[in-house]
Amino acid sequence: MSKKKNLRKSTAPEKTESDVKKSAEAAEQTEEKKEAALTEAEENTSVSENESAEASATTETEEPAQDDSAESAEEISEIAEFKESGEAEEAPAEENEKENEDEKADSEQKSDKNKKEKELSPEKAQKKAERKDRRSLKARAFRRGWFSIALVALFIAGVIVINLIASTLVQKVPALVADTTGSGSFDLTDDTLDYLKKLQQDIKIIVLADEKTYREGGEYYIQSDSLLHKYDDNSSRVSLEFMDLASNPTFTSKYPDEELAQYGIIVEGENDYKYLSTMDYFDVQVDYTSYSYYIAGCKVEEAVTSAILNVTLENKPKVSFISGITDEDYSAFQTYLENNGFETEELSPAIDNISDDTEILVLYAPNVDLDAAYVDKISAFLNNGGEYGKQLLYLPGSSLKSMPNIDSLLEEWGLAVDNGYAVENDMSKVSQITYDVFLFASDYEDTTYTEKMKNSSLPFCVFYGNGVYTHPVNILDADKASTLLKLSDSAQVIYPPETGDEPITEDMPGLCVGALATKSSTKTDTESGDSDTEDTVTNSSNIVVIGSNYAVTESFLGSNLYGNASYMLSLLNTLAGRDNVGIEIETQSLDAETLTISTAQLAVLTIVFAVILPLAVLIAGIVVFIKRRNM
């Protein structure tokens with residue numbers, strides 16, 4: 001205010017109107033320059049904080065110029081006011097109004113500039129935020145891409161490591177291999193597992209080869225190796241070891257009675273051992289087109305379990321086969337008995353007497369009659385000095401000749417073998433093998449000897465055709481003999497003609513093809529000092545007649561489709577007075593249906609799975625990687 005007063009007192013005579021106009025024009029130019037500077041500063045403002053700071057600094061440096069210009073404008077306005085008030089004091093109100101309008105215009109101009117700055121600032125801030133977001137997204141996408149690659153690499157590495165570990169473990173411990181076959185070809189049966197739990201002796205299984213070489217023998221050797229390890233895994237009393245004969249040549253000296261060969265197996269108990277060749281534990285067949293042998297199945301469980309049974313049994317019933325009177329091969333039946341805990345021997349009627357420790361005597365398909373003296377020995381064997389407790393198994397051959405001495409022995413016991421052929425006419429019990437070969441399913445008449453069978457629903461089968469026949473067994477004395485096996489009420493007997501006439505056929509309902517004759521003695525013992533306590537003991541001797549020796553050949557004993565093997569084992573165990581010792585195990589075959597495809601189909605499958613699918617997976621991975629990288 002003091003400045004205004006001084007101006008009013010001293011400048012009235014010196015300032016002209018042209019001077020005032022020039023001052024006003026200068027003030028306007030100053031304002032225009034300031035506006036231009038502000039506009040240029042706004043356009044050059046960048047997104048970065050340093051550029052914003054520079055713009056702010058520029059704005060702050062120009063604000064004093066704005067204030068100075070404003071002060072100059074005010075001075076010019078005051079001079080104009082003073083001049084006008086001095087020259088024309090009559091119009092003060094108009095000048096005041098003009099001054100007010102100028103001030104209002106200045107304030108509006110400043111307000112517009114501030115609005116522009118506020119309007120421009122959010123746009124720039126938004127652009128800056130967008131650029132920052134893009135940079136952040138790229139960084140995150142890059143990090144996610146590498147993270148995904150790292151995860152995939154870790155997963156693949158983990159799968160490889162797990163496979164290597166599993167492969168090593170399976171090689172070290174074959175028992176870890178899971179059996180995925182439908183028939184359980186790589187697992188022991190429940191019968192064997194139950195038997196292993198009851199073992200009372202330590203058992204050593206020795207395979208005559210190193211394990212690697214043994215498994216290289218083929219798929220059946222791999223199956224055998226897996227099953228052998230199961231014995232070791234399921235019983236603390238069983239140990240398994242592999243012995244290379246080439247590296248241990250002195251090993252054979254421990255078993256001088258055996259011809260040890262590579263891949264053989266020794267099952268050794270505390271007091272006995274049994275040697276198994278590959279022929280014993282593999283089902284070896286002949287290919288007649290090339291006259292070579294091949295393995296058709298694995299019998300290692302049956303052979304090894306039977307061997308364990310044999311080396312651990314303290315008392316084995318002795319079975320004696322009368323040899324030299326037959327052309328038929330009974331080795332399969334003999335081996336079957338040995339595998340199930342019986343001791344066997346062969347007797348020549350010409351030179352050998354029946355030993356006292358024989359419990360079962362076998363007369364197998366004789367083609368000549370025994371002399372009367374030897375029949376007397378058999379009769380004495382059965383009588384056993386009045387103690388009884390002995391057994392005779394008679395299996396007549398198909399070509400039944402006149403054998404009066406054997407027939408007289410049977411007649412004494414109430415039995416007879418008919419020279420006709422048994423025929424079954426109930427077609428539900430007939431199985432046709434070829435156009436002239438049939439199997440007849442017989443029924444079990446006496447269940448006493450089926451109680452120990454593994455599966456009594458399987459029928460005992462007899463053969464008819466191709467020169468092999470089953471003879472009816474006649475019961476002559478029902479007080480002494482009874483039926484074991486019979487055909488249906490539709491059965492018949494066919495008698496072959498003697499001179500080319502037509503065969504004679506007779507109906508024989510319930511035709512008997514297996515019978516048992518018994519003689520017994522009972523003793524009552526009174527314990528000394530106590531007349532009220534009695535111990536009654538009944539001993540029985542028996543003659544069992546089965547109408548055909550063919551019923552106990554390999555065709556029936558080696559198959560679990562029939563009940564022949566199981567019935568004979570149950571029958572002989574019962575007659576020998578022991579529990580059902582023995583293991584019935586089916587031969588395991590690895591044969592499977594083959595998938596047959598043409599060469600063209602093979603080519604298509606190869607292209608699809610070896611080329612197209614891997615390429616598709618690779619391309620999909622690259623596309624996903626690029627998309628994630630550009631996010």
Side-chain angles (χ1 to χ4, degrees), residues 163 166-189 192 203-235 238-252 254-255 258-268 273-308 311 335 339 554 558 583 585-595:
N163 275 286
S167 198
T168 303
L169 285 175
V170 165
Q171 291 177 358
K172 298 285 186 182
V173 188
L176 293 177
V177 178
D179 185 5
T180 57
T181 60
S183 59
S185 301
F186 290 83
D187 278 331
L188 299 178
T189 61
T192 296
I203 299 296
K204 185 186 295 184
I205 301 175
I206 306 171
V207 181
L208 302 181
D210 67 85
E211 187 168 12
K212 184 174 181 295
T213 304
Y214 189 79
R215 290 178 66 86
E216 289 173 351
E219 59 181 354
Y220 283 106
Y221 285 90
I222 294 173
Q223 180 189 16
S224 173
D225 180 62
S226 177
L227 290 171
L228 290 173
H229 276 280
K230 297 290 184 181
Y231 285 90
D232 188 15
D233 296 336
N234 287 280
S235 176
V238 179
S239 63
L240 174 66
E241 64 179 270
F242 290 81
M243 177 70 65
D244 184 10
L245 290 178
S247 303
N248 301 273
T250 59
F251 179 78
T252 57
K254 299 179 181 179
Y255 308 94
E258 305 292 345
E259 294 183 4
L260 303 183
Q262 190 179 29
Y263 303 137
I265 297 175
I266 297 174
V267 179
E268 189 171 349
Y273 75 89
K274 186 173 180 62
Y275 172 68
L276 304 172
S277 68
T278 52
M279 299 291 287
D280 293 323
Y281 66 86
F282 284 139
D283 181 14
V284 180
Q285 302 290 336
V286 180
D287 182 359
Y288 290 102
T289 59
S290 60
Y291 293 97
S292 59
Y293 292 96
Y294 68 95
I295 299 175
C298 180
K299 303 188 295 183
V300 69
E301 181 184 359
E302 177 185 357
V304 172
T305 303
S306 297
I308 294 174
V311 300
T335 300
N339 289 340
E554 178 65 27
I583 302 295
I585 301 164
E586 184 177 1
T587 300
Q588 296 289 348
S589 174
L590 295 179
D591 290 341
E593 293 185 6
T594 345
L595 176 62

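- Contact detail for Ile266 and Tyr275: the closest heavy-atom pair is CG1-CD1, 3.8 Å.
- Formation of a donor-acceptor pair under 3.5 Å by the Tyr281 side chain with backbone atoms of Gly264 is not found in this model.
- Annotation: side chain of Met243 is not in contact with side chain of Val207 (no heavy-atom distance under 4.5 Å).
- The minimum heavy-atom distance linking Ala246 with Pro249 is given by the pair O-CD, 3.9 Å.
- Under 3.5 Å, the side chains of Asp283 and Gln285 contain a donor-acceptor pair of N or O atoms.
- Proximity of a side-chain donor or acceptor of Glu301 to a complementary backbone N or O of Thr189 within less than 3.5 Å is detected.
- At most 12 non-hydrogen atoms from other residues, nucleotides or ligands lie less than 6.0 angstrom from OH of Tyr293.
- Taking CZ from Phe251 and CG from Leu260, the interatomic distance works out to 7.0 Å, rounded to the nearest 0.5 Å.
- When only modelled atom types and interatomic distance are considered, Tyr231 and Thr192 share no side-chain donor-acceptor pair under 3.5 Å.
- We find the CG-OG distance between Asp232 and Ser239 to be 6.5 Å, quoted to the nearest 0.5 Å.
- Listed by chain and residue number, Tyr221 satisfy the ring-ring contact (aromatic ring centres under 6.0 Å, His included) test with Phe282 (two or more places apart in sequence, or in another chain).
- Atom-to-atom distance recorded for Asp244:CG and Tyr214:OH is 14.0 Å, nearest 0.5 angstrom.
- Here the side chain of Ser226 pairs no donor or acceptor atom with the backbone of Ile222 at under 3.5 angstrom.
- If you take CD on Glu554 and OG1 on Thr335, they are separated by 8.5 Å, rounding to the nearest 0.5 Å.
- At a threshold of 4.5 Å between non-hydrogen side-chain atoms, the residues Leu208 and Gln262 do not count as touching.
- Looking at His229 and Leu227, their side chains never come closer than 4.5 Å, going by heavy atoms from C-beta outward.
- No side-chain N or O of Tyr263 forms a donor-acceptor pair with one of Thr213 less than 3.5 Å apart.
- Heavy atoms only, all atoms of each residue included: Val267 and Val311 are closest at O-CG1, 3.8 Å.
- With hydrogens and angles disregarded, no donor-acceptor distance shorter than 3.5 Å links the side chain of Asn248 to the backbone of Leu245.
- For the pair Lys230 and Asp187, the minimum side-chain heavy-atom distance is below 4.5 Å.
- To the nearest 0.5 Å, atom CG of residue Asp233 and atom CG of residue Leu188 are 9.0 Å apart.
- To the nearest 0.5 Å, atoms CD (Gln223) and SG (Cys298) are separated by 4.0 Å.
- Aromatic ring centroids of Tyr255 and Tyr273 lie under 6.0 Å apart.
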| task | Check step by step if side-chain contact (heavy atoms from CB on, under 4.5 Å) holds for Val284 and Thr278. | result | CA-CA 9 Å; Val284 180; Thr278 52; 5.8 Å; no
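- Contact check on Arg215 versus Glu211 returns no salt bridge, with no Lys/Arg side-chain nitrogen under 4.0 Å from an Asp/Glu carboxylate oxygen.
- Contact check for Val300 versus Ile265: side-chain heavy atoms found under the 4.5 Å cut-off.
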